[in-house]
Amino acid sequence: QANLMESGGGSVQPGGSLKLSCSISGLPSPALCLGWFRQGPGKEREGLAVLSTTGSSTVPITYANIAKGRFTLSEDNAKTTVSLQMNSLKSNDTAMYFCAAGDQDCLPVYYNHGYFSEPDFLYWGHGTQVTVSS
C-alpha cells in the first residue's frame, strides 16, 4: 500500500527557512514523477517542484516559477525521501504542503501549459502546514 508522509512543517518568521521531508513507501511501481504541491488559504493547489525519471534517466528537477530561486527539491540516495528546502519565506508561502507521486510522465503538461497537473500524481500525502508570520 502506497504511503506518503510529510513532515517538517511549522511556524516561521518572514525571511526564515524550513525543510520539509516526505517519506515514500509501498509504491506499486517506481514513480515517474515525485513532486511538491501547496494549497494556501482560499487558493487552489499549485505545483512547486518535480523530480522526474523517464526510463532509466533522471531529468533535472523542474521548478515552477513561484519556487525558482527559493525552493530546492532533493531526493535521498535510497529514493525513499524527497525533501523541499524553503528559504526566504514570505507570508504568502503560508499553505498546506503536500508531496505526491505518480507513474505517468508529468512534464509534458508542464512544458505545454506551465503547470504540474494533479491527475498525473496518483499518490498523495496528507500534507504538512507551513505558517509564515511575524
Side-chain angles (χ1 to χ4, degrees):
Q1 182 176 349
N3 185 49
L4 281 68
M5 184 174 295
E6 302 92 342
S7 61
S11 296
V12 63
Q13 292 186 342
S17 298
L18 278 176
K19 185 174 184 178
L20 308 181
S21 294
C22 176
S23 175
I24 302 170
S25 63
L27 295 181
S29 61
L32 285 185
C33 283
L34 295 170
W36 282 95
F37 289 73
R38 72 181 183 186
Q39 186 168 19
K43 298 180 181 179
E44 294 185 353
R45 191 153 55 184
E46 58 186 353
L48 300 172
V50 164
L51 172 67
S52 176
T53 300
T54 302
S56 61
S57 301
T58 299
V59 178
I61 297 167
T62 304
Y63 293 94
N65 288 337
I66 56 175
K68 289 179 181 177
R70 295 191 300 128
F71 294 179
T72 303
L73 185 152
S74 61
E75 183 183 35
D76 71 338
N77 290 335
K79 300 185 183 300
T80 60
T81 302
V82 177
S83 299
L84 186 70
Q85 175 69 44
M86 305 187 296
N87 299 325
S88 303
L89 286 165
K90 307 172 184 178
S91 58
N92 59 7
D93 292 317
T94 294
M96 184 72 78
Y97 285 71
F98 302 87
C99 67
D103 57 4
Q104 299 184 51
D105 188 356
C106 58
L107 293 183
V109 172
Y110 179 81
Y111 291 148
N112 290 326
H113 302 287
Y115 63 88
F116 301 114
S117 176
E118 292 184 38
D120 286 337
F121 295 82
L122 185 59
Y123 307 104
W124 291 81
H126 293 294
T128 185
Q129 177 68 38
V130 171
T131 301
V132 184
S133 174
S134 56

same_hphob_cluster(Leu84, Ile61) at 4.5 Å side-chain heavy-atom cutoff: yes
Say whether Tyr111 and Val50 are linked into one hydrophobic cluster, either directly or through other cluster members, by side-chain heavy-atom distances under 4.5 angstrom. yes
Residue Met5 excluded, over 12 heavy atoms near CE under 6.0 Å: no
Heavy atoms of Ala101 and Leu4 approach each other most closely as N-CD2, 3.8 Å
Joint cluster assignment, Leu107 & Val109, ILVMFWY side-chain distance < 4.5 Å: no
So the side chain to side chain donor-acceptor pair (under 3.5 Å) pairs with at least one residue in residues 39-51 (sequence neighbours excluded) are Arg38-Glu46, Arg45-Glu118
Heavy-atom count around His113 NE2 within 6.0 Å, excluding the residue itself: above 12? yes
Rounded to the nearest 0.5 Å, how far does CG of Leu73 lie from OG of Ser83? 8.0 Å
Shortest non-hydrogen contact from Leu89 toward Arg70: CA-NH1, 3.9 Å
Side-chain donor-acceptor pair present, Asn87, Gln85, cut-off under 3.5 Å: yes
Which value, rounded to the nearest 0.5 Å, describes the distance between Thr94 atom OG1 and Tyr97 atom OH? 7.5 Å
Can Tyr110 and Asp105 be said to form a side-chain contact (heavy atoms from CB on, under 4.5 Å), step by step? CA-CA 10 Å; Tyr110 179 81; Asp105 188 356; over 6 Å; no
What one should report as the nearest heavy-atom pair of Thr81 and Ser21 is CG2-CB, 4.2 Å
Might you point out which heavy atoms bring Tyr123 and Ala2 nearest each other, and give the distance in Å? CD2-CB, 3.4 Å
Going through the checks in order, is the side-chain contact (heavy atoms from CB on, under 4.5 Å) test met by Met86 and Asp93? CA-CA 10 Å; Met86 305 187 296; Asp93 292 317; over 6 Å; no
Measure the spacing between OG1 of Thr62 and CG of Leu48 and express it to the nearest 0.5 Å. 13.0 Å
Closer than 3.5 angstrom, by distance alone: can the side chain of Gln104 be matched with the main-chain N or O of Leu32 as a donor-acceptor pair? no
Rounded to the nearest 0.5 Å, the SG atom of Cys33 sits from the CG atom of Leu122 at a distance of 12.5 Å
Quick note, ring pair (Phe, Tyr, Trp, His ring centres under 6.0 Å) partners involving residues 34-53, not counting sequence neighbours, are Phe37-Phe121, Phe37-Trp124
For the side chain of Glu75 and the backbone of Val82, is there at least one donor-acceptor N/O pair under 3.5 Å apart? no
Minimum-distance pair of heavy atoms, taken over all atoms of Ile66 and Gly47: CD1-O, 4.1 Å
Smallest heavy-atom separation, Ile24 atom then Leu34 atom, equals CD1-CD2, 3.6 Å
